[in-house]
Amino acid sequence: MANEMVRIAEVIVDVPANNTDRPFDYRIPPELQDDVQVGSRVLVPFGHRKVIGYCIGIKTASSSMRLKSIIDVMDMAPPLTPELVQLGQVMAEEYLCHTITALQSMVPAVLKGTYQKMVKLHPESREPLFSLLSDPEQQLYSLLEKRGECTWEEVNKIPGMSRSLLKKLIEEERILVEERIGDRVTKQKVTWVWAADADQLRSGLQTLSPRAVRQREILQYFLDHPGEVELSKLLTHIRTTRSTVKRLVEQGWLCWEEREQYRDPYGDRTFGKTEPLPLTKEQQRAFQAIVRPIHEKRAHTILLHGVTGSGKTEIYLQAIEEVLRQKREAIVLVPEISLTPQMVQRFKGRFGKQVAVLHSRLSNGERYDEWRKIRQGEVQIAIGARSAIFAPFQNLGLIIIDEEHETSYKQEENPKYHARDIAKWRAQAHGATLVLGSATPAVESYFKARTGEYEWIQLTERVHGRPFPEVQVVDMREELRKGNRSMFSQLLARSLKECIERGEQAVLFLNRRGFATFVMCRSCGETLICPHCDITLTYHQTNQTVRCHYCGYAERLPQTCPNCQSKHIRHFGTGTQRVEAELLRQFPDIKVIRMDVDTTSRKGAHERLLAQFRDGKAHVLLGTQMIAKGLDFPKVTLVGVIAADTMLHLPDFRAAERTFQLLMQVGGRAGRHEQPGKVIIQTYSPDHYSIHLAATYQTEMFYRQELLIRKRHVYPPFCSLFTIMISHVDRIHLMKYGQQMAQFIRNKAPADCHLLGPVPPPIAKLKDRYRLQMLIKCQTDPKVLVRLKHILHQIENMFDDRELVISMDREIMNFPVGYSDLLETSQSLI
DNA sequence: AGCACGCCGACT
DNA sequence: GTCGGCGTGCTC
């Protein structure tokens with residue numbers, strides 16, 4: 001009886017625009033009653049076209065007068081859970097993006113629709129007398145004669161084709177192009193072979209003609225290896241062909257069958273089963289702390305602050321076992337760069353087929369396979385990079401974010417989310433435990449741990465008791481005074497030589513090839529910084545000025561150092577190629593592997609280069625910080641940081657934090673094995689706290705110092721940040737809009753909101769468009785945030801200029817109130 | 001975002 | 001009259 005009640009679906013349509021960013025109501029036709037659920041992907045008529053949408057709610061009445069009906073449901077089961085649907089709405093609100101954009105970011109690429117407009121001949125237009133037709137008409141007919149239809153673009157290419165002519169001749173249809181989920185994408189057809197009757201195999205061998213060598217071999221194989229085998233495996237074991245096996249099948253000795261199975265990227269690899277390792281006292285303590293909230297099923301965040309080599313992974317593994325025992329699920333986030341086969345192996349080894357792996361090297365189809373294993377409850381553990389945080393589990397018990405300070409957890413495209421925030425929301429919704437693991441946590445996380453918002457657990461001992469490598473800081477100003485103008489200090493050059501002579505390997509770091517260049521005095525090491533923001537000034541070659549990218553302060557490039565009056569003042573920005581050239585000039589006989597954006601852009605190049613280095617094919621590995629993570633080379637005994645300053649002086653309030661983190665990571669790299677390691681840090685600022693405290697392993701001191709500075713200049717965690725980027729082809733217009741926008745925000749924004757800028761960003765002109773950015777620092781208070789977000793929404797419609805593009809971004813550190821309330825209503829729908 | 005509709009100036 | 005350009009407003 002209840003079925004007779006009208007059911008109406010609220011649908012978010014796949015049209016990312018401001019005025020379509022709201023639910024539209026559709027009738028659920030009787031035949032789709034059972035299929036349309038919260039989270040379903042549906043096809044709906046929208047205006048004059050058909051689009052994909054997501055059902056985000058179901059109700060029995062609508063305020064809208066005439067409703068259209070849902071055309072179809074796209075999937076067997078809804079791709080999104082009610083929880084993820086809610087999360088999508090929260091993301092849209094918090095990250096200032098369209099709801100559909102947030103929802104799309106949670107599903108694999110194969111589920112994203114692309115549309116193509118197709119045209120075919122109007123049914124009423126009968127075959128005409130060809131010769132009487134105009135030129136464009138003739139072309140159109142010949143185009144459509146071959147195939148029944150063609151794309152809109154093709155038709156428009158016909159010269160002289162007019163709109164009204166087309167209308168007469170053509171019928172339009174928008175079609176949805178689904179990525180082909182055929183044999184290759186979802187499932188793979190695999191032939192399995194087995195003996196028809198194992199006991200008869202011997203007699204079979206006798207019956208066969210002695211000349212049928214291959215056939216006998218195959219039967220012998222089944223005698224030796226009872227059971228089923230994949231045909232492809234059989235063919236590699238015994239050098240034979242499909243047709244020979246076929247002959248045996250036809251004679252009735254063997255059976256075979258084609259089966260569909262998931263294509264498993266790690267399928268042909270066998271993972272040695274690993275057993276839980278005994279935990280040290282310290283590890284045991286950490287393990288207990290993680291397991292406690294898991295048992296209590298309460299949302300809880302733990303910062304696992306452990307030095308490199310303190311055995312965090314083993315703790316993760318054992319905590320996951322605990323979660324599985326509760327029949328709950330776990331997500332493990334790892335930075336893309338350390339999602340190496342070794343890492344995967346560790347998890348697959350312990351948990352086997354209960355693990356789905358999601359990383360960027362998977363094809364769309366493979367990714368879809370892994371995702372479906374999660375959605376259908378075939379696996380309980382998802383390990384992957386940033387986007388794995390959306391793994392559609394329904395009963396999460398634990399989320400682990402390893403190396404939680406990594407910048408790769410922040411998505412740079414819309415929606416610009418941070419996986420750490422998403423993790424907090426999801427943990428809250430599921431009553432799950434969130435573990436943030438790092439040797440060098442983000443300053444914000446450390447702050448929260450020390451103020452009691454997170455539980456703080458430290459691991460101070462290395463598992464095998466290996467000592468930390470000795471760190472030496474070389475003052476490059478001193479080198480210059482000694483007349484050494486090369487980029488290698490005497491100490492580094494000598495150490496490198498000795499290292500290579502001993503037959504050991506070295507790793508050299510050059511920090512990120514910054515697009516922003518800064519100005520520094522080579523004599524005293526002072527850099528030019530903004531008097532208002534304490535941020536490094538950026539050098540602009542075009543007009544010989546230095547500028548602050550936060551507040552807009554500018555001055556002419558000074559000829560002499562304002563601090564020591566030296567003339568050795570110049571801008572910096574050394575690339576890896578230059579270091580390589582210099583290295584080969586000083587050491588002509590050595591082999592260097594260079595890893596940077598240029599050498600690793602090709603697919604698989606990254607892994608290949610690392611494997612080469614591991615195999616001892618080169619003496620030196622030279623690269624940007626992409627080589628700093630999760631690498632463990634037995635023969636590396638020397639690690640050199642060419643210029644610690646390049647990162648330190650980036651125009652970013654997190655520059656010191658990044659520098660400290662990198663240097664600490666580097667320390668963990670050298671000498672993890674038998675030989676003792678040595679780290680050499682070259683710098684023009686040996687006294688800078690981030691460098692000095694990293695070199696002396698004074699973690700605690702660093703965070704205190706950094707927090708002091710953040711507090712003084714009001715940066716996170718002592719404020720919330722919004723950035724606004726606007727762009728326009730016309731520079732004058734852009735500047736005018738920027739000024740007006742800034743004025744508007746300054747007038748309307750609540751007190752304690754400070755707008756910095758507008759100011760040209762590091763890349764001031766991109767793709768023929770000028771750009772300006774603004775930064776808003778504001779109090780982290782829900783009321784203030786709501787008001788500010790309201791104002792930010794207003795500015796989107798402030799200017800009537802299609803050329804003006806506005807994009808907004810937010811750094812979130814607190815989860816919004818109300819999410820758990822929303823969730824309660826949604827869960828009653830399950 | 002698309003797409004229609006409607007207004008306007010320009011053209012065989 | 002008809003064609004195409006462009007601004008406006010709507011999509012359950």
Side-chain angles (χ1 to χ4, degrees), chain A residues 5-30 32-33 36-38 40-74 85 89 92 96-105 112-120 122 133-137 140 151-177 413-415 727 729 793 796-807:
Chain A
M5 212 192 299
V6 239
R7 291 218 309 160
I8 291 158
E10 295 181 282
V11 174
I12 298 288
V13 291
D14 178 20
V15 181
N18 280 341
N19 41 7
T20 52
D21 187 24
R22 60 192 167 88
F24 287 85
D25 294 349
Y26 287 90
R27 213 180 5 248
I28 303 174
L32 296 178
Q33 279 300 328
V36 179
Q37 298 168 39
V38 172
S40 290
R41 198 165 57 114
V42 293
L43 186 68
V44 292
F46 191 66
H48 313 270
R49 53 205 170 122
K50 295 173 188 169
V51 297
I52 293 257
Y54 282 92
C55 171
I56 61 155
I58 291 171
K59 52 188 186 180
T60 51
S62 172
S63 54
S64 185
M65 279 325 286
R66 44 181 194 284
L67 294 181
K68 291 186 183 175
S69 287
I70 289 177
I71 300 168
D72 206 356
V73 178
M74 306 293 295
V85 168
Q89 288 167 274
L96 312 166
C97 71
H98 300 128
T99 312
I100 191 65
T101 314
L103 294 175
Q104 298 274 36
S105 71
K112 281 168 208 160
T114 51
Y115 306 87
Q116 178 114 57
K117 192 167 152 183
M118 301 297 286
V119 299
K120 50 186 168 191
H122 217 278
L133 294 173
S134 67
D135 248 24
E137 278 178 291
L140 182 69
T151 66
W152 178 253
E153 282 76 31
E154 283 174 288
V155 176
N156 273 300
K157 268 189 226 141
I158 300 171
M161 177 62 72
S162 78
R163 265 266 191 82
S164 49
L165 189 56
L166 270 181
K167 257 198 181 144
K168 257 183 265 166
L169 299 172
I170 265 174
E171 195 180 52
E172 295 175 15
E173 195 193 8
R174 288 182 57 82
I175 63 154
L176 175 76
V177 185
E413 293 91 56
N414 262 327
S727 70
V729 283
H793 275 120
E796 295 200 312
N797 303 315
M798 224 170 106
F799 302 100
D800 186 26
D801 186 339
R802 290 170 134 71
E803 278 298 339
L804 179 69
V805 178
I806 304 170
S807 89

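Chain letters run A, B, ... following the sequence lines, proteins first and then strands; every chain starts at 1. The structure displayed is predicted, hence computed values, not measured ones.
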> So which of residues 18-26 of chain A are in contact with DNA chain C, with a heavy-atom cut-off of under 4.0 Å?
Replying inline: A/N19, A/T20, A/R22, A/F24, A/D25, A/Y26
> What are the residues of residues 41-53 of chain A, sorted by number, that bring a heavy atom to within less than 4.0 Å of DNA chain B?
Replying inline: A/H48, A/R49
> Listed by chain and number, what are the side chain to side chain contact (heavy atoms under 4.5 Å, CB included) partners of A/D21, not counting sequence neighbours?
Replying inline: A/H98, A/T99
>> Expressed as a whole number of angstroms, how long is the span from A/E803:CD to C/dC6:P?
In response: 13 Å
>> According to side chain to side chain contact (heavy atoms under 4.5 Å, CB included), who are the partners of A/A9, at least two apart in sequence or on a separate chain?
In response: A/V11, A/I28, A/V36, A/C55, A/I70
> Where the side chain of A/D72 meets the backbone of A/M74, is there a donor-acceptor pair that is under 3.5 Å apart?
Replying inline: no
> Which residues pass the side chain to side chain contact (heavy atoms under 4.5 Å, CB included) test with A/P30, sequence neighbours left out?
Replying inline: none
> Can you find a pair of side-chain heavy atoms, one from A/I8 and one from A/T60, that are under 4.5 Å apart?
Replying inline: no
> Between atom CZ in A/R66 and atom P in C/dC10, what is the gap in whole Å?
Replying inline: 12 Å
> Residues two or more places apart in sequence or in another chain: which of them pass side-chain hydrogen bond (donor to acceptor under 3.5 Å, both in side chains) with A/S105?
Replying inline: none
>> By the side-chain hydrogen bond (donor to acceptor under 3.5 Å, both in side chains) test, which pairs, at least two apart or in different chains, include something from residues 49-59 of chain A?
In response: A/D25-A/K59
> With A/P23, which residues qualify under side chain to side chain contact (heavy atoms under 4.5 Å, CB included), at least two apart?
Replying inline: A/E10, A/I12, A/I56
> If you look at every strand shown and take non-hydrogen atoms under 4.0 Å, does A/R27 touch a base, only sugar-phosphate, or nothing?
Replying inline: nothing
>> If I take atom CZ in residue A/R802 and atom C1' in nucleotide C/dG9, what distance separates them, rounded to the nearest angstrom?
In response: 11 Å
> Who pairs with A/E796 by salt bridge (charged side-chain N to carboxylate O under 4.0 Å, His left out), at least two apart in sequence or on another chain?
Replying inline: none
> A/S62 side chain to A/S64 main-chain N or O, any donor-acceptor pair under 3.5 Å?
Replying inline: yes
> Mind checking which nucleotides bracket the chain A contacts on DNA chain B, 5' to 3', with an atom under 4.0 Å from a heavy atom?
Replying inline: B/dA1 to B/dA4
